[in-house]
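Data block below; observations after.
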Amino acid sequence: MKQSILGLYYEDFEVGSEIHHSLSKTIFESDNNFFSLLTMNHHPVHTNMDYASKNQHGRILVVGTLVFSLAVGITVPDISGKAIANLEYEEIRHLNPVFLNDTIYVRTRILDKRESKSKSDRGIIYVESIAYNQDGVDVLSFKRKVLVKKRN
């Protein structure tokens, strides 16, 4: 049996290339409720059908930080599986609403990369990830810098 490979090495990332991550996640009501409780986000637009039905979207919205957390998690096997550290997240944008039972997919574009100035066994990749739903509608985007191991 062959061992699975978690993540890519610095040398494997090509500036300009795009990765369509193989993981995905349908967000169930229980996911949203648990995340709301866990993070103490009790806004009724996330937890109260009656309240949500009388507001802009007419139904319960998934907590935005849950969508962000899932999008990051979906990218781990490809982007940060060999990471030493996530250095920075930036420009987190909620592009469209996410509703209960939406399925989230993610694609990531490699924007830039550079070798570490202080240690020769690592480099920094700069990526933009875009989460989209089952209809192909982009719902969230963010950029991040990840410190990644080089091959021996």
Side-chain angles (χ1 to χ4, degrees), residues 1-113 123-149:
M1 178 182 288
K2 185 176 181 182
Q3 179 183 4
S4 68
I5 299 170
L6 180 60
L8 301 170
Y9 289 101
Y10 173 80
E11 295 86 352
D12 298 324
F13 291 96
E14 296 178 22
V15 174
S17 66
E18 188 169 271
I19 298 169
H20 289 260
H21 303 284
S22 60
L23 298 178
S24 60
K25 171 73 172 109
T26 299
I27 303 173
F28 300 109
E29 183 176 19
S30 57
D31 299 321
N32 193 57
N33 287 344
F34 183 66
F35 195 84
S36 293
L37 290 168
L38 184 65
T39 60
M40 299 180 67
N41 182 344
H42 303 291
H43 193 288
V45 78
H46 303 304
T47 60
N48 183 317
M49 278 191 212
D50 182 52
Y51 178 89
S53 72
K54 296 173 183 169
N55 282 277
Q56 180 176 347
H57 299 291
R59 54 189 167 150
I60 288 181
L61 290 173
V62 171
V63 178
T65 49
L66 171 56
V67 179
F68 173 67
S69 295
L70 288 172
V72 170
I74 287 170
T75 69
V76 166
D78 301 311
I79 300 300
S80 58
K82 297 223 183 307
I84 296 164
N86 284 301
L87 300 175
E88 176 180 344
Y89 290 94
E90 62 182 35
E91 296 182 37
I92 301 167
R93 296 191 173 135
H94 298 276
L95 306 172
N96 282 292
V98 176
F99 301 105
L100 299 178
N101 300 314
D102 278 354
T103 301
I104 301 300
Y105 302 89
V106 183
R107 65 184 181 273
T108 298
R109 190 166 33 109
I110 313 308
L111 301 175
D112 198 10
K113 68 186 237 184
I124 298 169
I125 60 164
Y126 181 47
V127 300
E128 178 179 35
S129 295
I130 299 171
Y132 56 98
N133 68 16
Q134 67 281 350
D135 299 319
V137 175
D138 294 346
V139 296
L140 180 113
S141 68
F142 62 94
K143 295 178 181 177
R144 69 176 165 151
K145 292 179 183 172
V146 184
L147 186 63
V148 180
K149 296 176 188 176

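Starting from 1, each residue takes its place in the sequence as its number. Because the structure is predicted, anything quoted here is derived from the model rather than measured.
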Considering only heavy atoms from C-beta outward, does the side chain of [X] approach that of [Y] to under 4.5 Å?
X: Phe35; Y: Thr65; result: yes
X: Arg109; Y: Arg107; result: no
X: His43; Y: Tyr51; result: yes
X: Phe13; Y: Ile79; result: yes

Working to the nearest 0.5 angstrom, can you tell me the gap between [X] [atom1] and [Y] [atom2]?
X: Ile74; Y: His21; atom1: CD1; atom2: NE2; answer: 8.5 Å
X: Asn55; Y: Asp50; atom1: CG; atom2: CG; answer: 10.0 Å
X: Thr103; Y: Asn133; atom1: OG1; atom2: CG; answer: 8.5 Å
X: Leu147; Y: Ser80; atom1: CG; atom2: OG; answer: 11.5 Å
X: Glu128; Y: Arg93; atom1: CD; atom2: CZ; answer: 8.0 Å
X: Ile110; Y: Tyr126; atom1: CD1; atom2: OH; answer: 12.0 Å

Over all heavy atoms of both residues, which pair between [X] and [Y] is shortest? Give the atoms and the distance, please.
X: Thr47; Y: His42; result: OG1-O, 4.1 Å
X: Ile19; Y: Leu8; result: CD1-CD1, 4.2 Å
X: Leu61; Y: His46; result: O-ND1, 2.8 Å
X: Ile27; Y: Val67; result: CD1-CG2, 4.4 Å
X: Pro97; Y: Val139; result: O-CG1, 4.0 Å
X: Ile104; Y: Val98; result: CD1-CG1, 4.1 Å

Take a 6.0 Å sphere around [atom1] of [X] and say whether it holds more than 12 heavy atoms from other residues, nucleotides or ligands.
X: Glu14; atom1: CD; value: no
X: Tyr89; atom1: OH; value: yes
X: Tyr9; atom1: OH; value: no
X: Gln56; atom1: CD; value: no
X: Lys143; atom1: NZ; value: yes

Evaluate the criterion side chain to side chain contact (heavy atoms under 4.5 Å, CB included) for residue pair Leu100 and Val62; output intermediate values, then yes/no.
-> CA-CA 6 Å; Leu100 299 178; Val62 171; 4.2 Å; yes
Is there a donor-acceptor pair closer than 3.5 Å between any side-chain N or O of [X] and the backbone N or O of [Y]?
X: Lys113; Y: Tyr10; answer: yes
X: Asn41; Y: Ser36; answer: no
X: Asp31; Y: Phe28; answer: yes

Exercise. Is any NZ, NE, NH1 or NH2 atom of the basic residue among Asp12 and Lys82 found under 4.0 Å from an Asp or Glu carboxylate oxygen of the other?
Worked result: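 Result for this pair is no, no salt bridge flagged.
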**Study point:** Full working for side chain to side chain contact (heavy atoms under 4.5 Å, CB included) between Val137 and Tyr132
**Key:** CA-CA 5 Å; Val137 175; Tyr132 56 98; 6.0 Å; no
Step-by-step side chain to side chain contact (heavy atoms under 4.5 Å, CB included) determination, Thr108 to Asp78: CA-CA 9 Å; Thr108 298; Asp78 301 311; over 6 Å; no
How far apart are the C-alpha atoms of Asn101 and Phe99, what are their side-chain angles, what is the distance that settles it, and do they pass the side chain to side chain contact (heavy atoms under 4.5 Å, CB included) test? CA-CA 6 Å; Asn101 300 314; Phe99 301 105; over 6 Å; no
